[in-house]
Amino acid sequence: AQLENIDAYSLLLPRMDMAEGTTPRTGLARASSLFKQGKRDEAMALLRENHEKAPADQKKAWLRAQAAFAESVGMPDAKGTWAAFADAYPTDIDAQLAALGSPIVQTDLTLVDRLIARTRELGRFDELNTPAQLRMARARALLTEPVDRNRRAEAINVLRDLALRESDLREARALLVAALSMDRPDVGIVPQRTDAITQLRTLIPLVPDPTPWQLELARMLRGEGDLAGARAELDRLANDPKVPLNVRLAATEELIRMRELTSAASSLERMRGSASDADKPLIELTLANAYRAMVRDRDALALFRGIDPQQMQTPQQVLALAEGLASLGDKDRAQVALTRAEQLPMSAGQSQLVRARYLANHGTMDETIAMLRDQLIKAQAYQRKLEDSEEEASRTVPADAPYDPFNVYLKQMGHKPLLTREQEVEISKRIETAELKAQEALAQLKQRQDDIGLHCAELLTALAALVDSLQELDFGGTKQA
């Protein structure tokens, strides 16, 4: 939301300059314009310089503008900038509230607790009259990593109390639903779906657009085993033309997962008949997957082939199209579809992950090894580049910079030497030997199953004969007349 506001300001910059001159608001707009030109450092320098030369009564606004800008453009030190802003004005309650309202600040429980304590002292709030904004900030912080059962339980208690005290506070009830639905078995957290469903039914009438929540309700009903209720909710969403297209498609995908294939296909066919040219490719992609699940391979392949890969807008859509084509035998078109991933606005590593997922299901061993060798060479080159700039990075990147798993993955790969041809052959032989042993074991298991089945059949035959013999006798052991 902050970025959208800044973008709106940048569009109005000429008029704002004429009306206001240089103010924190026009400064934000100018910084946004510089950022879009690739001049991030220059944009931040502009805000800092104006803060330094601003009169005392405007310094707070300029420092807040720096923090808002840092967060809106995703700078790694955004959280630290907000903390510095709040610490610079420790007796100003508005500064503490502004920092607490930052989503990036709400990921740090220690910082949130410090700001809340300061705000309570300044506002003379006790536990009973603590503003909802402070309690919401703490609940969000409790539910961020590293989350555990105790933190989640505390967040649920805070949110339940808020929902009872302020029944029309949608944000509290929505966050309560998320907390109750949390599924993290690795840390002992299991979803409380029955309670979440109750809260969700209360939330739905309060929100302007209830359809995403109705979709979530259907998923929860399915998770609770209420398949009839889930299907009714999904059918209604999928077939209502007033429901946003993304929700309708998500509803049909849920129906496909439930193996309600005929219902999903019928809904998609109706959507396709009235869809615009822009919406039709995604509808056809989902319909093709439904046909494939129904073993209507000819219809599915015709739809997959008719989709222009250039109309796919996400890595998931590209992968679905490529895998659909490959699964039905058209690997040439699948390769063409995969090239679209390289054109999407994402990192090179992400596009390679799309290709790797495709090769895992539809590639040959030679193709997989070739891609891995190519990526290892690139990883080693990337590692050398990282090592060359390591000292500079340690000076410029703050300790709380966001974790980048792909770069860490490349860095670790770069430490390993490439396999020689002999090593590749040896590993291939080991894999082949293991596969043969697995096939032999499966064959032996099947034979044992067949033998057990034969013995069972013989035993049943003997039992049937015994029953027939007993029926010829009366209860006293004498033959019937």
Side-chain angles (χ1 to χ4, degrees), residues 1 93 96-120 122-185 187-226 229-230 233 236-237 243-244 247 250:
I93 193 170
Q96 312 311 308
L97 291 173
L100 277 169
S102 159
I104 191 67
V105 167
Q106 293 174 10
T107 64
D108 187 329
L109 181 60
T110 302
L111 176 56
V112 165
D113 281 344
R114 176 157 60 88
L115 296 175
I116 288 176
R118 193 182 286 166
T119 305
R120 279 178 171 168
L122 293 171
R124 297 181 180 178
F125 302 122
D126 57 25
E127 286 289 340
L128 293 177
N129 68 350
T130 298
Q133 180 183 352
L134 303 188
R135 305 182 78 187
M136 282 292 295
R138 190 162 202 279
R140 290 192 184 98
L142 286 165
L143 293 172
T144 56
E145 296 298 338
V147 68
D148 57 31
R149 284 188 298 177
N150 293 333
R151 287 178 56 158
R152 182 229 199 179
E154 185 178 350
I156 287 174
N157 289 336
V158 170
L159 293 166
R160 282 190 195 281
D161 186 62
L162 266 176
L164 287 172
R165 288 170 180 264
E166 303 187 41
S167 58
D168 59 343
L169 186 59
R170 298 192 297 263
E171 293 80 3
R173 205 171 291 274
L175 192 57
L176 177 57
V177 170
L180 291 167
S181 307
M182 190 174 286
D183 190 2
R184 288 286 306 278
V187 292
I189 294 176
V190 295
Q192 300 176 21
R193 290 195 185 92
T194 302
D195 200 355
I197 288 170
T198 301
Q199 296 294 336
L200 197 48
R201 291 188 189 279
T202 306
L203 172 66
I204 285 172
L206 301 176
V207 295
D209 178 12
T211 55
W213 298 104
Q214 290 164 343
L215 178 63
E216 187 60 29
L217 174 61
R219 289 170 175 154
M220 288 186 188
L221 291 171
R222 179 166 64 90
E224 280 290 273
D226 184 359
E233 196 71 35
R236 186 185 60 76
L237 289 170
V243 171
V247 176

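Starting from 1, each residue takes its place in the sequence as its number.
Side chains of D183 and I189 form no contact here, defined as non-hydrogen atoms less than 4.5 Å apart. L142 has its side chain out of reach of V147: every pair of non-hydrogen atoms, C-beta onward, lies at least 4.5 Å apart. Between Q214 and R236 there is a side-chain heavy-atom pair separated by less than 4.5 Å. By the 4.5 Å heavy-atom criterion applied to side chains, R160 and L180 are counted as neighbours. Within the 4.5 Å cutoff, no side-chain heavy atoms of L159 are placed close to those of R173. Side-chain contact between E171 and L162 is absent, with no heavy-atom pair separated by less than 4.5 Å. V190 has its side chain out of reach of P185: every pair of non-hydrogen atoms, C-beta onward, lies at least 4.5 Å apart. With a 4.5 Å cut-off on side-chain heavy atoms, T110 and D113 do not count as touching.
When all heavy atoms are compared, the tightest approach of R222 to A230 is N-CB, 3.8 Å. Minimum interatomic distance between I204 and W213 (heavy atoms only, all atoms of both residues): CG1-CB, 3.8 Å. Scanning both residues, A196 and V177, for their nearest heavy atoms gives O-CG2, 4.2 Å. Counting all heavy atoms, side chain and backbone alike, A132 lies closest to E166 at CB-OE2, 3.5 Å.
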Working for side chain to side chain donor-acceptor pair (under 3.5 Å), residues R120 and T130: CA-CA 7 Å; R120 279 178 171 168; T130 298; 3.2 Å; yes
Steps toward side chain to side chain donor-acceptor pair (under 3.5 Å) verdict (T194, E224): CA-CA 8 Å; T194 302; E224 280 290 273; 2.7 Å; yes
Worked verdict on I156 versus Q192 for side chain to side chain contact (heavy atoms under 4.5 Å, CB included): CA-CA 11 Å; I156 287 174; Q192 300 176 21; 4.3 Å; yes
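Atom CG of L217 and atom CG of D226 lie 9.0 Å apart (nearest 0.5 Å). Note that CD1 of I197 and CG of L221 are 4.5 Å apart. Values are rounded to the nearest 0.5 Å. Atom CD1 of I116 is separated from atom CD of Q133 by 9.5 Å, given to the nearest 0.5 angstrom.
Listed by first then second residue, pairs satisfying salt bridge (Lys or Arg N to Asp or Glu O under 4.0 Å) with a partner in residues 205-219 read E216-R219, R219-E254, not counting sequence neighbours. Sorted by first and then second residue, the salt bridge (Lys or Arg N to Asp or Glu O under 4.0 Å) pairs with a member in residues 148-158 read R138-E154; sequence neighbours excluded.
Qualifying salt bridge (charged side-chain N to carboxylate O under 4.0 Å, His left out) partners for R201, counting only residues two or more places apart in sequence or in other chains: none. When the side-chain hydrogen bond (donor to acceptor under 3.5 Å, both in side chains) test is applied to D161, the partners found at least two apart in sequence or on another chain are R135, R165. For the side-chain hydrogen bond (donor to acceptor under 3.5 Å, both in side chains) test, no residue two or more places apart in sequence or in another chain qualifies with T198. Residues meeting the side-chain contact (heavy atoms from CB on, under 4.5 Å) test with R170, sequence neighbours left out: L203, L206, V207, P208.
Around atom CD of E127, no more than 12 heavy atoms belonging to other residues, nucleotides or ligands sit under 6.0 Å away.
In terms of modelled atom types and a separation under 3.5 Å, the side chain of S181 and the main chain of A178 share no donor-acceptor contact. Listed for the D108 side chain is no donor-acceptor partner under 3.5 Å among the backbone atoms of V105. Panel note: side chain Q106, backbone L100; a donor-acceptor pair is recorded below 3.5 Å.
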